Protein chains: 2
Amino acid sequence: MIESKRASILQAALELFSRFGLHGTSLDQVATQADVSKTNLLYYFGNKEELYTNVLRQLLEVWLQPLQAFSVEQDPVEAIRDYLRVKLELSRDHPAESRLFCMEIMQGAPLLLGELQQPLHDLVENKVAVIQAWIDAGKLAPIAPHHLIFSLWATTQHYADFRVQVEAVAGKTLDDPAFFEETLKSLQSLILDGVRPR
Amino acid sequence: MIESKRASILQAALELFSRFGLHGTSLDQVATQADVSKTNLLYYFGNKEELYTNVLRQLLEVWLQPLQAFSVEQDPVEAIRDYLRVKLELSRDHPAESRLFCMEIMQGAPLLLGELQQPLHDLVENKVAVIQAWIDAGKLAPIAPHHLIFSLWATTQHYADFRVQVEAVAGKTLDDPAFFEETLKSLQSLILDGVRPR
DNA sequence: TCTGATTCAGACCAAATGGTCCACATCGCA
DNA sequence: TGCGATGTGGACCATTTGGTCTGAATCAGA
């Protein structure tokens with residue numbers, strides 16, 4: 001019961017923060033959406049910033065998970081294919097997380113940078129090494145590993161963060177199963193083979 | 001004189017809005033940064049929202065320009081190469097615009113969608129046709145044009161919007177000329193030829 | 001120089017909002 | 001049953017902040 005209350009507050013906060021930002025969301029709104037009183041909210045989370053950082057921390061767990069999967073033993077083509085699918089599923093199923101993460105990073109990650117920088121750097125360095133090993137083994141075209149990772153992130157998260165633009169332009173969102181598959185195939189084909197005709 | 005004052009207010013507003021969002025920025029801050037009094041600011045822009053929309057409108061002009069360049073007569077490989085360079089230069093030279101645009105879209109573009117939707121849709125449809133013509137002519141691998149456009153946007157803007165993450169991971173930003181060139185080459189190679197070895 | 005419009009600043013106001021206080025309920029347990 | 005710890009909410013407070021009001025400087029033209 002108490003855990004579900006904390007959880008519902010966090011969920012409400014995630015939704016609202018990701019849409020209107022930290023300063024664009026009032027505790028009253030969060031409390032209302034979570035169906036608790038503001039006082040009660042402040043009982044669980046001492047102040048607004050604490051609520052916000054809790055939302056962020058919970059988000060991070062989900063967020064950096066998929067990249068862990070990369071390992072040298074895998075076939076890189078398969079690994080990239082899978083990674084794109086998983087990230088695109090995240091964009092479809094957890095758009096609020098994606099938006100809030102984007103917002104936080106864009107604002108300089110004032111509350112996140114401290115605890116994000118080191119583990120993120122380490123994780124990425126690790127995966128950069130994996131990608132480099134694939135390249136050295138001739139299993140992947142020579143490309144700067146960092147930029148491949150950035151491109152994987154950017155292209156998939158775009159469909160969550162720029163959802164309204166995607167919808168305005170393409171008329172569809174990832175919630176449409178056909179559009180999801182079309183998007184996935186397109187990204188896989190683009191990242192793996194590019195657009196230059198062979 | 002008066003125009004320069006308006007301009008300096010808009011510039012200050014752009015910087016602050018893009019970092020802290022609409023609600024995270026006070027008129028006092030904008031006035032201070034622009035070196036005018038708050039009253040004076042409100043003399044030029046009737047209220048906060050009007051200031052914000054003016055910033056957005058000014059931004060849009062810069063933002064959708066590059067895509068105009070695409071035309072059937074061009075060689076697609078060159079067109080894509082050039083487009084990536086221009087967009088990456090925008091990310092380097094106008095990161096505030098990039099961030100604010102991103103923020104506005106993420107929040108559902110409440111103030112922009114109305115006047116953005118139609119022209120954006122038309123522009124993109126136009127360019128989708130160009131890309132499709134390239135494909136039909138065998139000058140480009142078959143790919144869903146929308147997704148190519150999204151990928152071009154996403155990958156280049158990533159370096160502006162996720163600048164602190166890029167810096168945390170790669171240790172450099174686009175301001176470093178060598179890193180800029182490395183990034184550009186990587187994106188060009190990725191989009192054009194993919195990562196699967198030939 | 002006079003005059004009216006434009007440009008600017010300081011004081012002020014009202015609403016929103018983060019956060020506190022206190023009083024009351026509820027529940028596990030001696 | 002009694003009692004402290006855990007929850008819960010209504011009233012309230014202090015600060016921030018968007019915006020107004022009043023009045024003064026400045027400037028252009030007669």
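What you are looking at is a predicted structure, and each value in this text was computed from that prediction instead of being measured. Throughout, protein chains are lettered first and strands after them, A, B, ... in sequence-line order, and every chain is numbered starting at 1. What's counted below: heavy atoms across the whole structure, side chains too, no hydrogens, waters or symmetry copies.
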Expressed as a whole number of angstroms, how long is the span from [X]:[atom1] to [N]:[atom2]?
X     : N      : atom1 : atom2 : result
A/L51 : C/dG18 : CG    : P     : 11 Å
A/I9  : D/dG7  : CD1   : C1'   : 11 Å
A/K48 : C/dG19 : NZ    : C1'   : 12 Å
B/F20 : D/dT16 : CZ    : C1'   : 16 Å
B/L42 : D/dC21 : CG    : C1'   : 13 Å
B/N47 : D/dT17 : CG    : P     : 17 Å

List in chain and number order the residues that pass salt bridge (Lys or Arg N to Asp or Glu O under 4.0 Å) with [X], two or more places apart in sequence or in another chain; answer none if no residue qualifies.
X      : value
A/E73  : none
A/D93  : none
B/E61  : none
B/E115 : B/R57

Is A/Y43 close enough to D/dG7 that one of its side-chain N or O atoms is under 4.0 Å from OP1 or OP2 there? yes

Phosphate OP1/OP2 of C/dC8 contacted by B/Y44 side-chain N/O (<4.0 Å): yes

Picking from C/dC8, D/dT8, D/dG19, the nucleotide nearest the side-chain atoms of B/K5 would be C/dC8

Check residues 132-145 of chain A and write down every donor-acceptor pair under 3.5 Å in which the side-chain atom is one partner and the other belongs to a residue at least two apart or another chain.
from: A/Q132; atom 1: NE2; to: A/D136; atom 2: OD1; distance (Å): 3.2
from: A/W134; atom 1: NE1; to: A/V72; atom 2: O; distance (Å): 3.2
from: A/W134; atom 1: NE1; to: A/Q74; atom 2: O; distance (Å): 3.3

Would you find more than 12 non-hydrogen atoms of other residues, nucleotides or ligands less than 6.0 Å from A/D75 atom CG? yes

Proximity to DNA chain C (any heavy atom under 4.0 Å), residues of residues 23-41 of chain B only: B/S37, B/T39, B/N40

